[in-house]
Amino acid sequence: MKKRFVNTRAENYLTKKRFIADSICDENFDADLSLIDMIESNTRRCILRDNGRTDCIVDSGFKWLGVYPKGENYAITCMYNENNELVEFYFDMIKESGVENGIPYNLDIYLDLVITPFNEKYVLDEDELEEALENKMIGKEEYNLAYDTLHRLEEKYKSQKEINKLMDIMQGYLKIMTEKIKDKEIIYTNV
């Protein structure tokens with residue numbers, strides 16, 4: 001299992017960023033939140049989709065909103081472009097999440113699900129999950145947890161209506177976190 005702290009995500013691509021962490025408890029989620037504001041990127045990171053479209057997920061002006069629902073076995077990274085338009089939801093299947101020294105983290109169990117605003121779904125890193133099981137980095141319990149969580153998310157977000165609802169919720173969180181991050185100091189990375 002990989003312990004991942006949210007403030008280091010995309011770090012290799014960035015030269016300047018802002019970061020903030022907080023929590024929220026409302027009718028939608030009881031969760032830890034984070035926001036990485038990509039002030040300056042040293043490179044663009046783009047993904048070629050099955051339909052031939054290329055979507056960038058890292059560039060100057062982009063934002064990553066992290067949502068770590070308490071008591072759940074997934075974390076969501078909402079990736080936004082420079083116009084605050086959603087590019088994709090990236091779901092990490094996790095054993096657990098928490099906060100250490102004010103920074104959200106998760107214990108990643110390798111399997112991932114990407115959902116685009118257009119209801120395209122991509123399951124990622126099944127090979128990493130299999131390898132982790134074979135190399136005893138995880139047990140059968142974590143392996144099954146990853147797939148059970150994946151199937152639950154696929155079922156929950158199979159309709160465009162549910163994806164649109166999630167987009168609206170996350171847009172509200174993005175607005176809250178963007179307001180809070182304005183006064184945060186710029187962090188220089190890879191300098």
Side-chain angles (χ1 to χ4, degrees), residues 4-47 49 53-72 74-92 94 97-106 108 112-120 153 156-157 160-191:
R4 292 196 166 159
F5 285 88
V6 69
N7 63 327
T8 60
R9 298 206 58 193
E11 190 127 299
N12 293 337
Y13 302 105
L14 304 177
T15 52
K16 293 180 187 175
K17 71 176 183 180
R18 283 192 183 101
F19 173 78
I20 191 171
D22 205 346
S23 60
I24 194 144
C25 185
D26 62 19
E27 66 276 3
N28 300 301
F29 287 99
D30 180 7
D32 294 308
L33 300 177
S34 67
L35 183 64
I36 298 173
D37 184 4
M38 300 177 187
I39 305 296
E40 185 177 281
S41 175
N42 58 20
T43 187
R44 289 170 55 100
R45 176 130 194 270
C46 299
I47 307 296
R49 304 290 186 195
R53 188 181 72 247
T54 300
D55 288 331
C56 289
I57 58 171
V58 173
D59 201 358
S60 299
F62 281 40
K63 293 179 180 75
W64 283 11
L65 174 69
V67 181
Y68 298 81
K70 294 176 182 171
E72 294 289 349
Y74 65 89
I76 312 168
T77 302
C78 310
M79 300 177 180
Y80 294 92
N81 66 20
E82 70 277 8
N83 298 316
N84 291 336
E85 298 164 333
L86 181 73
V87 177
E88 70 180 33
F89 293 115
Y90 193 103
F91 291 84
D92 287 288
I94 63 173
S97 66
V99 176
E100 200 171 287
N101 298 319
I103 308 294
Y105 73 87
N106 66 58
D108 188 341
D112 304 306
L113 172 66
V114 170
I115 303 177
T116 72
F118 313 106
N119 201 2
E120 299 161 314
L153 290 168
K156 182 173 183 172
Y157 296 111
Q160 188 66 49
K161 179 181 176 184
E162 286 302 313
I163 293 168
N164 291 345
K165 180 179 174 185
L166 186 61
M167 286 172 59
D168 289 344
I169 292 166
M170 296 305 169
Q171 193 67 40
Y173 294 166
L174 178 65
K175 185 176 180 182
I176 292 167
M177 295 296 279
T178 298
E179 190 59 38
K180 289 182 178 192
I181 205 170
K182 284 181 180 178
D183 297 327
K184 287 290 183 180
E185 183 178 329
I186 293 176
I187 302 166
Y188 294 85
T189 62
N190 297 312
V191 179

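Looking at Asn81, its side chain does come within 3.5 Å of a backbone N or O of Asn83 through a donor-acceptor pair. Listed for the Glu88 side chain is no donor-acceptor partner under 3.5 Å among the backbone atoms of Tyr80.
Annotation for Phe118 and Gln160: closest pair C-OE1, 3.6 Å, computed over non-hydrogen atoms. Closest non-hydrogen pair, Pro69 versus Ser97, comes out as O-OG, 4.2 Å. Annotation for Ser60 and Glu40: closest pair OG-CA, 3.5 Å, computed over non-hydrogen atoms. Heavy-atom minimum distance, Gly102 versus Ala21: O-CB, 3.5 Å. Val87 and Pro117 make their closest contact through O-CD, 3.2 Å (heavy atoms, listed as atom of the first residue, atom of the second, distance).
A 6.0 Å sphere centred on CG of Asn101 holds no more than 12 heavy atoms belonging to other residues, nucleotides or ligands. The number of heavy atoms from other shown groups lying within 6.0 Å of CD (Glu185) does not exceed 12. The local environment of NZ in Lys165 is sparse, with at most 12 non-hydrogen atoms from other residues, nucleotides or ligands closer than 6.0 Å.
Put simply, CD on Glu82 and OG on Ser41 are 11.5 Å apart, with the number rounded to the nearest 0.5 Å. Annotation: the span from Leu35 atom CG to Leu174 atom CG amounts to 6.5 Å, rounded to 0.5 Å. For the atom pair OG1 of Thr116 and CZ of Arg49, the computed distance is 6.5 Å after rounding to the nearest 0.5 Å. Here the straight-line distance linking atom CG of Asp92 with atom CG of Leu113 works out to 10.0 Å at 0.5 Å rounding. The distance from atom CG of Asn119 to atom CD of Glu162, rounded to the nearest 0.5 Å, is 11.0 Å. A distance of 7.5 Å separates CD1 in Ile169 from CG in Asp26, rounded to the nearest 0.5 Å.
Inter-residue side-chain proximity for Leu86 and Cys78 is flagged as met; some heavy-atom pair is nearer than 4.5 Å. Between Met38 and Tyr13 there is no side-chain heavy-atom pair separated by less than 4.5 Å. Between Val6 and Trp64, the closest side-chain pair of non-hydrogen atoms is not below 4.5 Å. Between Val58 and Leu14, some side-chain heavy-atom pair lies under the 4.5 Å cut-off. Residues Arg53 and Glu120 have side chains in contact (heavy-atom distance under 4.5 Å, counting atoms from C-beta outward). By the 4.5 Å heavy-atom criterion applied to side chains, Ile103 and Phe19 are counted as neighbours.
The residue from Lys182, Arg18, Lys16, Lys17 that alone fulfils the side-chain contact (heavy atoms from CB on, under 4.5 Å) condition with Asp37 is Arg18.
For Tyr157 and Phe91, the ring centers sit closer than 6.0 Å to each other.
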Exercise for the section: Would you please test Ile57 and Phe62 for side-chain contact (heavy atoms from CB on, under 4.5 Å) and show each step? Expected result: CA-CA 7 Å; Ile57 58 171; Phe62 281 40; 5.6 Å; no
Problem - Derivation and outcome, side-chain contact (heavy atoms from CB on, under 4.5 Å), residues Met170 and Ile76 - result: CA-CA 10 Å; Met170 296 305 169; Ile76 312 168; 3.8 Å; yes
Exercise for the section: Test Tyr173 against Asp22 for side chain to side chain donor-acceptor pair (under 3.5 Å), laying out the working first. Expected result: CA-CA 11 Å; Tyr173 294 166; Asp22 205 346; over 6 Å; no
